[in-house]
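So you know, we letter chains A, B, ... as the sequences are listed, proteins then strands, and number each from 1. The structure displayed is predicted, hence computed values, not measured ones.
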Number of protein chains: 2
Amino acid sequence: MATLKDIAQRVNRSVTTVSRALAGYSDVSPETISQVRSAAEEMGYVPNTMARRLRNRSTETIGFVVPDSSGGYSEAFFNEFLAGVSKRAADFGYDLLVAVAHDKEDEISIYRKLISEGKVDGFILTRTYRMDARAELLMKENFPFAMFGRVEKALSAPYVDEDGTYAMKLITEHLVNRGHSRIACIGQPESIMFSHLRLQSVKEHLATAGVHIPEDYIRMGYFSQKDGYEQARELLRLPTPPSAIICFNDLLAFGAVNAGKDAGFRIGKDIAVTGFDDIPMSEHYRPPLTTISQPIQSIGGMVVDLLLDRIQELRGITLQEHVSEVTSRRIPIPEHWKVEADHHNHQLLLKPELIIRGTT
Amino acid sequence: MATLKDIAQRVNRSVTTVSRALAGYSDVSPETISQVRSAAEEMGYVPNTMARRLRNRSTETIGFVVPDSSGGYSEAFFNEFLAGVSKRAADFGYDLLVAVAHDKEDEISIYRKLISEGKVDGFILTRTYRMDARAELLMKENFPFAMFGRVEKALSAPYVDEDGTYAMKLITEHLVNRGHSRIACIGQPESIMFSHLRLQSVKEHLATAGVHIPEDYIRMGYFSQKDGYEQARELLRLPTPPSAIICFNDLLAFGAVNAGKDAGFRIGKDIAVTGFDDIPMSEHYRPPLTTISQPIQSIGGMVVDLLLDRIQELRGITLQEHVSEVTSRRIPIPEHWKVEADHHNHQLLLKPELIIRGTT
DNA sequence: GTGAAAGCGCTAACAT
DNA sequence: ATGTTAGCGCTTTCAC
């Protein structure tokens with residue numbers, strides 16, 4: 001591998017000059033620049049990553065800790081998001097470090113470790129909790145991070161989130177308009193922020209519509225298709241079973257659909273089911289699933305943008321040119337997505353879309 | 001962040017001595033060792049990652065390039081595999097760098113880039129092709145890698161693979177025993193190694209069983225549920241439609257099941273469908289899918305083991321202790337999984353399992 | 001416009 | 001058993 005030194009020898013200049021020529025400093029003579037550039041080109045020079053990182057005290061790396069694949073986390077969601085993050089990070093020369101929480105190891109200790117070892121410049125968080133230990137740690141450490149999702153306490157941390165409250169307004173109105181008055185829901189644990197927000201919204205909008213939702217219609221704490229099946233089965237065995245089941249993700253909805261079928265209901269006729277996320281399979285399910293769509297991959301990209309902004313902010317502007325270039329390259333966010341934003345566009349709420357299909 | 005220098009000052013020793021004390025060299029006095037260790041502990045010393053990497057010419061990082069999420073790649077598979085890789089890598093202090101192929105960018109150029117920038121010590125490859133440009137590049141560059149899957153040309157590269165030939169033997173025998181004689185199959189492009197192997201095996205074992213498989217029963221080039229639906233629909237509209245459809249992944253099978261339903265067939269009675277992979281949903285599909293199961297997460301871990309072996313091999317044994325410790329920690333592979341292995345246990349073939357469910 | 005020198009934090013060869 | 005020196009490859013003062 002060619003180094004600056006090699007180039008310097010070749011063009012009879014000092015390492016310093018070569019470094020500056022390559023970096024495009026203004027105080028290098030044009031001829032030197034072109035000499036150096038072509039020498040570098042010829043010699044296939046690529047800067048040594050670790051040397052640069054050591055010197056610059058920068059890892060050029062974003063960390064993403066996967067809660068744990070086994071948790072029944074909606075897989076398709078995760079892939080899409082990761083793709084969005086990785087591609088966007090690559091645009092800025094950032095790498096993506098992925099860690100999966102060991103069963104043994106405390107998730108939060110992974111964050112601690114990655115910070116103390118200096119392996120990442122910042123983190124991306126998803127599936128935030130109302131009280132999120134990760135967000136609290138990172139705030140306390142003043143370590144850069146950006147979230148897909150919010151936390152309950154108003155933090156100054158940057159985030160992108162879907163407007164789950166609005167999404168549930170769309171769903172409940174849709175169901176009420178279809179004549180449903182016995183509406184149940186199956187969701188994740190209420191400790192998860194989005195799950196909490198969605199449930200609140202369901203309650204609120206049903207109340208507005210004058211629809212009562214009894215306590216035993218509310219099933220919180222579930223993720224998987226299997227969970228959806230079991231909870232829906234129980235719901236349908238109640239003395240007064242619901243005529244519609246709102247599920248807080250698509251997998252739960254698939255399970256509920258199956259439970260409905262097994263109990264002899266015609267899905268979309270005798271009983272309605274809705275999902276959330278619009279994973280690829282939803283469109284192909286039988287019947288196709290009514291659900292809420294979110295541009296997951298784009299969201300991943302947006303979160304990267306927010307994080308990189310935050311990193312530079314905390315670092316103080318050092319690399320002037322780079323900064324402005326980077327900031328100007330931010331993904332513009334389509335206006336029709338944006339519901340709300342803080343004055344710095346660092347906290348974004350996106351408008352989700354209701355996709356009406358065969359299950360309602 | 002405390003550095004070796006800080007510790008050295010504290011204990012009145014040189015940086016070198018501190019470094020060696022921490023590394024556990026034998027030529028440091030016991031008291032110095034304990035002094036240094038406790039000082040390090042107190043000061044919360046953590047070695048600077050980038051300094052170590054620069055100095056050691058090691059990235060302590062494994063690269064994994066995701067072909068592209070949109071390609072219809074079986075998502076659940078990807079997650080499980082990644083989890084296995086990440087966890088195992090973490091056991092050895094290795095990081096996992098994940099890159100997603102940009103739509104614009106040539107996939108192979110990502111490998112080139114990561115190599116020339118010195119960002120990873122080795123790669124993990126999945127979904128290998130019969131002629132695999134990545135494997136060829138890495139062989140040519142003599143850069144460490146390990147594969148989940150084989151390539152057509154016999155390479156000395158380490159791999160783990162399922163015995164797809166055997167898997168298809170199980171499937172065809174199962175179907176033939178159930179009385180099927182009109183058997184079709186839907187698979188990925190034949191350029192993909194596993195798809196090719198599976199197809200060959202299907203042909204071979206059907207021939208052995210005296211079952212003829214006409215050309216128009218063979219549909220290669222597909223990945224997604226949608227593909228599965230469309231191809232199955234066409235198959236079922238043939239003058240002589242098949243009575244069984246072998247699909248080379250579970251998503252294809254889901255599509256085929258739906259096509260069968262839509263055409264008025266009773267799945268598992270009028271028409272049989274089989275999948276491959278046993279993703280979580282397969283068990284919950286309607287009807288539950290007969291398929292081939294593989295321990296994906298474990299396989300991810302095994303591939304990491306092979307890769308780390310290869311990395312150390314190419315590097316020459318430098319860190320004696322570390323090496324032996326590492327090698328001794330390898331995941332033992334259950335005997336009942338192992339079908340075949342080369343003499344160094346660097347090329348492993350695993351025995352897949354047939355899971356019989358409702359679609360046959 | 002260019003170069004010498006210093007240093008990021010670590011490790012290792014070579015003294016002593 | 002310990003310290004001195006050197007250097008990984010890069011960037012950034014600071015001097016000329």
Side-chain angles (χ1 to χ4, degrees), chain A residues 1-37 40 43-60 93 116-119 121 315-322, chain B residues 1-37 40 43-60 93 116-119 121 315-322:
Chain A
M1 293 285 88
T3 68
L4 286 185
K5 204 173 159 194
D6 299 329
I7 301 179
Q9 277 164 352
R10 174 92 101 85
V11 300
N12 269 318
R13 288 267 170 311
S14 73
V15 170
T16 310
T17 303
V18 172
S19 170
R20 278 191 303 216
L22 255 20
Y25 276 54
S26 54
D27 62 350
V28 190
S29 83
E31 2 172 22
T32 309
I33 291 201
S34 67
Q35 262 186 78
V36 167
R37 290 254 164 94
M43 304 171 74
Y45 171 75
V46 180
N48 181 300
T49 302
M50 297 310 162
R52 192 170 15 121
R53 288 179 180 177
L54 171 60
R55 169 65 229 212
N56 293 345
R57 306 180 124 51
S58 151
T59 67
E60 303 161 355
S116 65
E117 295 177 330
K119 283 184 170 172
D121 287 345
R315 202 169 267 168
I317 289 95
T318 325
L319 319 159
Q320 328 77 342
E321 279 184 53
H322 191 231
Chain B
M1 293 284 86
T3 67
L4 287 185
K5 204 173 158 190
D6 299 330
I7 301 179
Q9 278 164 351
R10 174 91 101 82
V11 300
N12 270 318
R13 288 269 171 307
S14 74
V15 170
T16 310
T17 302
V18 174
S19 169
R20 279 190 304 217
L22 256 19
Y25 276 61
S26 54
D27 61 351
V28 190
S29 83
E31 6 172 18
T32 309
I33 292 201
S34 67
Q35 262 187 78
V36 168
R37 289 253 164 95
M43 304 170 77
Y45 170 75
V46 180
N48 181 302
T49 302
M50 296 311 162
R52 190 168 19 109
R53 289 179 180 179
L54 171 60
R55 169 66 228 211
N56 292 345
R57 304 179 125 51
S58 150
T59 67
E60 302 161 356
S116 65
E117 295 177 332
K119 283 184 170 172
D121 288 345
R315 204 171 264 168
I317 290 92
T318 325
L319 318 159
Q320 329 75 342
E321 278 184 53
H322 191 231

Give the nucleotide from the list C/dG1, D/dT2, C/dC10 with an atom nearest to the side chain of B/Arg52.
-> C/dC10

Quick one: is D/dT2 close enough that its OP1 or OP2 comes under 4.0 Å of any side-chain N or O from B/Arg13?
-> yes

Take atom CG of B/Leu4 and atom C1' of C/dT11, then tell me their distance rounded to the nearest Å.
-> 9 Å

Separation of atom CG in A/Asn48 from atom C1' in D/dC10, rounded to whole Å | 8 Å

Taking atom types as they are modelled, is there a donor-acceptor pair under 3.5 Å from the base of C/dG3 to the side chain of A/Arg20?
-> yes

Rounded to the Å, how far apart are B/Glu31 CD and D/dA1 C1'?
-> 10 Å

Hey, are the side chains of A/Val36 and A/Val28 touching, using non-hydrogen atoms and a 4.5 Å cut-off?
-> no

Over how many whole Å does the gap from B/Glu60 atom CD to D/dC8 atom P extend?
-> 19 Å

Using atom types as modelled and distance alone, determine if a side-chain donor or acceptor of A/Thr49 lies under 3.5 Å from a backbone N or O of B/Gly118.
-> no

Specify the separation, in whole Å, of atom CE of A/Met43 and atom P of D/dG9.
-> 13 Å

Where the side chain of B/Leu54 is defined as all heavy atoms beyond and including C-beta, which of C/dC8, D/dC8, C/dT2 is the nearest nucleotide?
-> D/dC8

Any salt bridge (Lys or Arg N to Asp or Glu O under 4.0 Å) involving residues 47-59 of chain B? Give me the pairs, sequence neighbours left out, ordered by first then second residue.
-> B/Arg52-B/Glu60, B/Arg53-B/Glu60, B/Arg53-B/Asp95

Rounded distance in Å - CZ (B/Arg53) to C1' (C/dT11) | 16 Å

Distance test, side-chain N/O of A/Ser19 to OP1/OP2 of D/dT11, below 4.0 Å | yes

Return the 5'-most residue of the pair A/Met1, A/Tyr25 with respect to DNA chain D, ranking by each residue's nearest nucleotide.
-> A/Met1

Within the structure, does a side-chain N or O atom of A/Ser14 lie under 4.0 Å from either OP1 or OP2 of C/dT2?
-> no

How long is the line joining CE of B/Met50 and P of D/dG7, in whole Å?
-> 25 Å

Which part of the nucleic acid, if any, lies within contact of B/Asp27, taking any heavy atom under 4.0 Å across all strands shown: a base, the sugar-phosphate backbone alone, or nothing?
-> base

Write down the distance between CZ (A/Arg55) and P (C/dG7), rounded to a whole number of angstrom.
-> 11 Å

Would you classify A/Arg57 as touching base, sugar-phosphate or nothing, given that sugar-phosphate means primed atoms plus P, OP1 and OP2, and contacts are heavy atoms under 4.0 Å?
-> sugar-phosphate

Short side-chain N/O contact to C/dC10 OP1/OP2 from B/Tyr45, under 4.0 Å | yes

Interatomic distance, A/Thr32 atom OG1 to A/Asp27 atom CG [nearest 0.5 angstrom] = 10.5 Å

On DNA chain C, nearest-nucleotide positions of B/Lys5 versus A/Val28: which is more 5'?
-> A/Val28

Criterion side-chain contact (heavy atoms from CB on, under 4.5 Å) on B/Val18 and B/Val11, from CA distance to verdict = CA-CA 9 Å; B/Val18 174; B/Val11 300; 4.3 Å; yes

Please indicate whether B/Met43 has more than 12 foreign heavy atoms, meaning atoms of other residues, nucleotides or ligands, lying under 6.0 Å from its CE.
-> yes

Can you check whether A/Thr17 has a side-chain N or O nearer than 4.0 Å to OP1 or OP2 of C/dG1?
-> no

May I ask you to verify if any side-chain N or O of A/Thr16 is less than 4.0 angstrom from the OP1 or OP2 atom of C/dA4?
-> no

